[in-house]
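Here's the structure, in structure tokens; my notes come after.
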Amino acid sequence: MNVISKRTLIKFYEQHTQAKSALEVWHSDARKSTWSSPTDIKQLYSSASFLSDNRVVFNIKGNDYRLIVHIDYPRKIVRVKFIGTHAQYDKINAKEI
């Protein structure tokens, strides 16, 4: 998968250093994957949640952080839409961000 944009993840973990290794692992997993459906994601990330419009919520570092992405399965593109603490996630509408 082509992840757009890693820079968003880097900016986040520069501020939240304890998230760095977990986000790097997620990024590496996503880049190596060829997800064609939510089922493919569930095999690797059983706690992932699926929203409308092909959005996926990943729990990062034991659910300390939440990552929302939009996946274009046919084009193999993952777009980072949001990364934040659990408290920040609770304040947004994950279906609209």
Side-chain angles (χ1 to χ4, degrees):
M1 305 298 285
N2 182 20
V3 179
I4 303 171
S5 126
K6 184 175 182 183
R7 183 71 192 138
T8 303
L9 302 177
I10 292 169
K11 284 175 65 175
F12 183 79
Y13 68 60
E14 285 174 346
Q15 298 295 314
H16 302 272
T17 56
Q18 63 278 21
K20 181 177 181 176
S21 65
L23 285 171
E24 287 288 343
V25 167
W26 177 88
H27 183 264
S28 177
D29 288 347
R31 293 274 301 152
K32 290 187 253 179
S33 297
T34 55
W35 296 325
S36 59
S37 72
T39 303
D40 295 338
I41 295 169
K42 275 291 193 184
Q43 290 176 355
L44 187 57
Y45 288 96
S46 61
S47 65
S49 301
F50 300 92
L51 307 175
S52 60
D53 190 33
N54 291 325
R55 290 175 187 260
V56 183
V57 180
F58 292 94
N59 297 323
I60 303 294
K61 194 180 171 286
N63 207 20
D64 288 346
Y65 305 99
R66 293 280 179 96
L67 171 65
I68 302 173
V69 301
H70 173 267
I71 301 180
D72 183 336
Y73 292 102
R75 292 186 179 138
K76 304 295 183 205
I77 297 172
V78 177
R79 288 181 182 86
V80 175
K81 303 300 260 179
F82 170 86
I83 178 67
T85 64
H86 198 117
Q88 290 169 326
Y89 173 83
D90 288 342
K91 294 178 183 176
I92 65 161
N93 184 338
K95 295 177 185 177
E96 294 180 1
I97 196 152

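Just so you know, residue 1 is the first one in the sequence shown, and it goes up from there. What's counted below: heavy atoms across the whole structure, side chains too, no hydrogens, waters or symmetry copies. Just so it is clear, the structure is predicted and the values come from calculations on it, not from any experiment.
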Using residues 87-97 as the side-chain source, report each donor-acceptor pair under 3.5 Å to any protein atom, sequence neighbours left out, with the distance given to one decimal.
unit_1: Gln88; atom_1: OE1; unit_2: Thr85; atom_2: N; d: 2.7
unit_1: Gln88; atom_1: OE1; unit_2: Thr85; atom_2: OG1; d: 3.4
unit_1: Asn93; atom_1: OD1; unit_2: Lys95; atom_2: N; d: 3.0
unit_1: Asn93; atom_1: ND2; unit_2: Glu96; atom_2: OE2; d: 3.4

(message) How close do Met1 and Ile77 get, counting heavy atoms only, and between which atoms?
(response) CE-N, 4.0 Å
(message) Just so I know, are the side chains of Glu24 and Lys6 near enough to count as touching, which here means a heavy-atom distance under 4.5 Å?
(response) yes
(message) Applying a strict under-4.5 Å side-chain criterion to I, L, V, M, F, W and Y, I'd like to know whether Val3 and Val56 cluster together.
(response) yes
(message) Any non-hydrogen side-chain atom of Pro38 less than 4.5 Å from a side-chain atom of Tyr73?
(response) yes
(request) Any chance you could measure Lys42, atom NZ, to Ser37, atom OG, to the nearest 0.5 Å? (result) 12.0 Å
(message) Within this structure, what is the CG-CD1 distance for the pair Leu23 and Ile60, rounded to the nearest 0.5 Å?
(response) 5.5 Å
(message) What I'd like to find out is whether the side chain of Leu67 reaches to under 4.5 Å of the side chain of Phe12, using heavy atoms alone.
(response) no
(request) Give the cluster check for Phe58 versus Tyr13: same hydrophobic cluster or not, with ILVMFWY residues linked at side-chain heavy-atom distances below 4.5 Å. (result) yes
(request) For Gln18, look at atom CD and say whether over 12 heavy atoms of other residues, nucleotides or ligands are found less than 6.0 Å away. (result) yes
(message) Treating His70 as the side-chain partner and Lys81 as the backbone partner, does any N or O pair qualify as donor plus acceptor under 3.5 Å?
(response) no
(message) Could you tell me if the side chain of Asp64 sits less than 4.5 Å from the side chain of His86, heavy atoms only?
(response) no
(request) Mark yes or no for whether Ser33, through its side chain, and Trp35, through its backbone, hold a donor-acceptor pair below 3.5 Å. (result) no
(message) Check for me, please, whether Ile71 and Trp26 land in the same ILVMFWY cluster - side-chain distances under 4.5 Å, paths through other members count.
(response) yes
(request) Taking atom types as modelled, find out whether Tyr45 and Asp29 have a side-chain donor-acceptor pair closer than 3.5 angstrom. (result) yes
(request) Check the hydrophobic clustering (I, L, V, M, F, W, Y; side-chain heavy atoms under 4.5 Å; chains of links allowed) and say if Tyr65 and Ile68 are grouped together. (result) no
(message) Using 0.5 Å steps for rounding, measure from the NE2 atom of His27 to the CD1 atom of Ile10.
(response) 8.0 Å
(request) Would you confirm whether Lys76, through its side chain, and Asn2, through its main-chain N or O, come within 3.5 Å as a donor-acceptor pair? (result) no
(request) Answer yes or no: are there more than 12 heavy-atom neighbours, outside Arg75 itself, under 6.0 Å from its atom CZ? (result) no
(message) Side chains of Ile83 and His16, heavy atoms from C-beta outward: is any pair under 4.5 Å?
(response) no
(message) So which atom in Val69 and which in Val80 form the shortest heavy-atom distance, rounded to 0.1 Å?
(response) CG1-CA, 4.1 Å
(request) Give a yes or no on whether the backbone of Ser36 and the side-chain of Asp40 come within a donor-acceptor separation of less than 3.5 Å. (result) yes
(request) Please indicate whether Lys11 has more than 12 foreign heavy atoms, meaning atoms of other residues, nucleotides or ligands, lying under 6.0 Å from its NZ. (result) no
